[in-house]
Q: 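Dropping the structure in here first, questions after.
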Amino acid sequence: MKITTIDRRWIFLFILIGVGLPLMLPLGFKLEVTPNVQTVYNLIESTPENKVVLLSFDYDPASKPELHPMAFGIIKHAIDRKQKVACLALWPMGSQMVDDVYQNLKKEMPDIEYGRNFINLGYKAGGIVTIQAMGKNLKNVFPSDANGTPITNYSILNSIHTLKDFAWICSFSAGTPGLKEWIMVAKDKYNIPVTGGTTAVSTPGFLPYLNDQNQLTGLLGGLKNAAEYEFLIQRKGTATAGMDAQSVAHIIIIAFIVLGNVAFFVSKKRKKD
Amino acid sequence: MNHILPLIITFLAGLLMIVSEFIPHKPFERIVSELEIWFMIISGFAIILGQLSLIKMNVLKIQYKSENWKYCVVTLISFFIMLIAGLLWGTQNQGGIIGSGESLIQSIGSKPFDYIFDNIYQHLMASMFSLLAFFIASAAYRAFIARTLESSLLLISAIFVMLGNTSIGTSLTSFLPENLNFLHLPTISAFIMDYPNLAGQRAIMIGAGLGIIGSSLRIILGIERSWLGGKK
């Protein structure tokens with residue numbers, strides 16, 4: 001039967017059209033906020049003004065389409081709530097991701113002042129050991145920011161000596177080191193609220209941490225949750241735009257799965273006959 | 001002696017880290033803090049080692065004209081372009097050997113390293129990851145066939161989770177009244193993720209955790225010695 005040996009380039013063509021068209025002509029499907037996303041939102045809402053929060057950029061450009069909208073949304077929300085944002089990276093290219101978010105944020109929020117309500121501490125090798133060392137003395141691990149300026153020159157980290165001084169920690173994680181390491185040290189050892197954003201493919205692996213012990217305080221998993229967060233902060237960004245494309249792509253994949261099964265059963269029946 | 005000394009160091013360092021977890025007081029706390037700083041420094045050097053290894057492997061492949069050696073030429077050229085651009089003009093807020101490249105910034109909008117990173121590297125990486133969508137679609141068409149009971153269960157779960165992860169899935173069942181919320185697609189998807197999936201994930205995590213403890217003990221006690229160079 002021809003349908004069972006369909007040329008995969010036809011599938012590629014359908015996916016291309018299914019992803020491309022909604023990006024150019026948004027469909028505006030309805031979104032529902034899931035509890036994990038609401039928990040992340042509530043964590044930021046309930047954090048008092050002037051508290052310093054820590055965000056770890058543990059990804060590179062490969063995961064940028066999924067994780068960048070989350071990072072932008074959470075930082076914008078925290079700064080809107082007058083919290084101070086310190087960023088660092090456990091991945092070598094994470095520091096460039098921080099700079100990119102900051103440049104875009106500066107366009108929307110020109111009042112942000114580097115060193116007063118935002119700082120990029122840059123990349124540090126070492127993964128989980130770096131986090132453990134920050135738990136003992138932050139300034140030993142990050143004596144200067146990403147530009148090489150001593151962090152004592154900026155007021156933002158005046159009250160911060162160890163990880164325990166941060167109100168909450170968020171890791172945007174595409175692998176190792178990432179969110180899991182932050183949970184193991186920052187939450188399990190120092191009891192600091194930890195939240196995070198992950199790619200959709202790695203989200204199931206983090207669900208066990210959403211438990212009664214609150215090892216994770218909410219989780220943004222994939223583009224859908226990023227779009228939900230954009231909905232909560234009332235700012236339509238790239239996640240909202242990308243959701244239409246992702247939804248159509250999923251429907252096309254489901255349609256092909258159904259087609260494949262129909263073809264399988266028809267050919268099975270013919271063989272029997 | 002070549003093997004015994006590293007084994008003794010590994011044993012003592014491993015033991016020290018374990019003991020410090022149970023006795024977080026002097027002198028263990030101080031020693032462990034020092035070891036953590038050492039680890040970070042060594043990790044930094046590992047990046048240089050990785051770069052040297054990359055050059056060596058690619059040069060060898062080109063030298064012996066191994067399969068697809070032409071890609072190695074592209075890798076090395078790209079590597080040195082980024083290296084030279086970063087060394088000469090620096091990155092974003094940091095200057096390079098010959099300054100900050102003001103004239104270049106005026107003509108191309110940013111420093112050469114940042115220009116290549118923003119306009120070529122980022123898009124190439126995102127494209128590579130995005131290609132997954134095409135291959136997953138093709139693989140799903142061929143693999144998700146209801147041949148057996150197990151594969152049928154997998155197929156049904158996959159369809160519910162996929163639909164639950166789309167905005168269309170939400171719209172499809174949004175007309176349902178509150179008392180039929182359990183039939184709402186995102187609710188079904190959440191149920192699959194929160195119960196059967198979670199049980200499986202926890203089992204995997206516990207298994208992996210026990211595996212890590214086992215292999216760590218093997219290394220600390222000197223039973224596992226492959227890290228010394230592959231000789232038992």
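Since this is a predicted model, take the numbers as computed values, not measurements. Chain A is the first sequence line, chain B the second, and so forth, proteins listed ahead of strands; every chain is numbered from 1.
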Q: Chain B heavy atoms under 4.5 Å from A:Ile15: which part of the residue, side chain, backbone, both or neither?
A: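 Both backbone and side chain.
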Q: I'd like to know whether B:Thr148 forms a side-chain hydrogen bond (donor to acceptor under 3.5 Å, both in side chains) with B:Ser151, so could you lay out the CA-CA distance, the side-chain angles of the two residues, the decisive distance to 0.1 Å, and finally the verdict.
A: CA-CA 5 Å; B:Thr148 59; B:Ser151 59; 3.1 Å; yes
Q: May I ask you to name which of A:Thr130, A:Leu27, A:Leu31 has the most heavy-atom pairs under 4.5 Å with chain B?
A: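 Answer, by heavy-atom pair count under 4.5 Å with chain B: A:Thr130.
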Q: Select one option (side chain, backbone, both, neither) describing which atoms of B:Leu163 are under 4.5 Å from chain A's heavy atoms.
A: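 Both backbone and side chain of B:Leu163 come within 4.5 Å of chain A.
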Q: Name the member of B:Met193, B:Gln201, B:Met205 that forms the most heavy-atom pairs with chain A at distances under 4.5 Å.
A: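 Top option by heavy-atom pairs under 4.5 Å: B:Gln201.
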Q: What part of B:Asn165 lies closer than 4.5 angstrom to a heavy atom of chain A: side chain, backbone, both or neither?
A: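 B:Asn165 touches chain A through backbone and side-chain heavy atoms alike.
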Q: With a 4.5 angstrom heavy-atom cut-off, is it the side chain or the backbone of B:Phe144 that approaches chain A, or both, or neither?
A: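 Backbone plus side chain of B:Phe144, per the 4.5 Å heavy-atom cut-off to chain A.
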Q: Side chains of B:Thr173 and B:His184: is there a donor and an acceptor less than 3.5 Å apart?
A: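 The criterion, which ignores hydrogens and geometry beyond distance, is satisfied for B:His184 and B:Thr173.
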Q: Mind ranking B:Ile145, B:Thr170, B:Leu124 by heavy-atom pairs under 4.5 Å with chain A and telling me who comes out on top?
A: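 Winner by heavy-atom pair count: B:Ile145.
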Q: Looking only at the side chains, is there a donor atom on one of A:Thr34 and A:Glu228 sitting less than 3.5 Å from an acceptor on the other?
A: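 Yes - a donor-acceptor pair under 3.5 Å links their side chains.
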Q: Against chain A, label B:Glu34 side chain, backbone, both or neither, depending on which of its atoms sit under 4.5 Å from a heavy atom there.
A: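 Neither part; nothing is under 4.5 Å.
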Q: In terms of heavy-atom pairs under 4.5 Å, which option from A:Asp60, A:Ile257, A:Leu223 contacts chain B the most?
A: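 The candidate making the most pairs under 4.5 Å is A:Ile257.
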Q: So which residue, A:Ala125, A:Pro61, A:Gly126, ends up with the most heavy-atom pairs under 4.5 Å with chain B?
A: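 Counting heavy-atom pairs under 4.5 Å, the top option is A:Pro61.
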Q: What is the distance from atom CG of B:Asn197 to atom CZ of B:Arg202, rounded to the nearest 0.5 Å?
A: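 B:Asn197 atom CG to B:Arg202 atom CZ measures 10.5 Å (nearest 0.5 Å).
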Q: Measuring heavy-atom distances to chain A, does B:Ile47 have an atom under 4.5 Å in its side chain, in its backbone, in both, or in neither?
A: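 Contact with chain A: side chain only.
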Q: Between chain B and each of A:Asn147, A:Ile253, A:Ile251, count heavy-atom pairs under 4.5 Å; write down the option with the most.
A: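 Of the options given, most contacts go to A:Asn147.
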Q: Under 4.5 Å from any heavy atom of chain B, what part of A:Lys30 do you find: side chain, backbone, both or neither?
A: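 Looking at A:Lys30, backbone and side chain both touch chain B.
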Q: Does any donor atom in the side chain of A:Thr199 or A:Ser202 lie under 3.5 Å from an acceptor atom in the other side chain?
A: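 Note: A:Thr199 and A:Ser202 side chains meet the donor-acceptor criterion.
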Q: Hey, would you say the A:Tyr102 and A:Tyr114 ring centroids sit under 6.0 Å apart?
A: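 Distance test on ring centres: under 6.0 Å, yes.
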Q: Please state whether the side chain, the backbone, both or neither of A:Met97 comes within less than 4.5 Å of a heavy atom of chain B.
A: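 Side chain of A:Met97 only, per the 4.5 Å heavy-atom cut-off to chain B.
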Q: Roughly how far, to the nearest 0.5 Å, is the CD atom of A:Gln215 from the NZ atom of A:Lys180?
A: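 It is 11.0 Å, given to the nearest 0.5 Å.
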Q: Need one label for A:Ala255: side chain, backbone, both or neither, based on atoms under 4.5 Å from any heavy atom in chain B.
A: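 Looking at A:Ala255, nothing touches chain B.
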Q: Go through the atoms of B:Gln94 and report whether side chain, backbone, both or neither lie under 4.5 Å from a heavy atom of chain A.
A: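 Looking at B:Gln94, just its side chain touches chain A.
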Q: Given heavy-atom pairs under 4.5 angstrom as the criterion, report whether the side chain, backbone, both or neither of A:Asn137 touches chain B.
A: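 For A:Asn137, no heavy atom lies under 4.5 Å from chain B.
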Q: Does a side chain donor of either A:Thr203 or A:Thr198 reach within less than 3.5 Å of an acceptor in the other side chain?
A: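 Looking only at side-chain atoms, A:Thr198 and A:Thr203 do form a donor-acceptor pair, the distance falling under 3.5 Å.
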Q: Sort B:Phe117 into side chain, backbone, both or neither according to what part of it lies under 4.5 angstrom from a heavy atom of chain A.
A: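 For B:Phe117, the side chain is the part near chain A, not the backbone.
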Q: Please evaluate residues A:Phe57 and A:Tyr123 with respect to the criterion ring pair (Phe, Tyr, Trp, His ring centres under 6.0 Å), reporting the C-alpha separation (whole Å), side-chain torsions for both, the decisive distance (0.1 Å), and the verdict.
A: CA-CA 9 Å; A:Phe57 283 61; A:Tyr123 162 68; over 10 Å; no
Q: Select one option (side chain, backbone, both, neither) describing which atoms of A:Ala249 are under 4.5 Å from chain B's heavy atoms.
A: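 When you check distances to chain B, no heavy atom of A:Ala249 falls under 4.5 Å.
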Q: Is it true that A:Glu32 and A:Lys224 have a side-chain N and a carboxylate O under 4.0 angstrom from each other?
A: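 No salt bridge links A:Glu32 with A:Lys224.
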Q: What part of A:Phe206 gets within 4.5 angstrom of chain B, counting heavy atoms only: side chain, backbone, both, or neither?
A: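 A:Phe206 has no heavy atom closer than 4.5 Å to chain B.
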Q: Relative to chain B, which segment of A:Leu207 carries a heavy atom at a distance below 4.5 Å: side chain, backbone, both, or neither?
A: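 Its backbone and side chain both get close to chain B.
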Q: Between A:Phe256 and A:Phe14, is the ring pair (Phe, Tyr, Trp, His ring centres under 6.0 Å) condition met? List the steps.
A: CA-CA 10 Å; A:Phe256 272 109; A:Phe14 273 98; 5.6 Å; yes
Q: Counting only non-hydrogen atoms closer than 4.5 Å, does A:Leu16 touch chain B with its backbone (N, CA, C, O), its side chain (CB onward), both, or neither?
A: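 Its backbone and side chain both get close to chain B.
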Q: Less than 4.0 Å between a side-chain N and a carboxylate O, is that true for B:Glu29 and A:Lys136?
A: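 Answer for the salt bridge query: no.
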Q: State, yes or no, whether a side-chain contact exists between A:Leu88 and A:Phe142 at a heavy-atom distance under 4.5 Å.
A: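 Yes. Closest side-chain heavy atoms under 4.5 Å.
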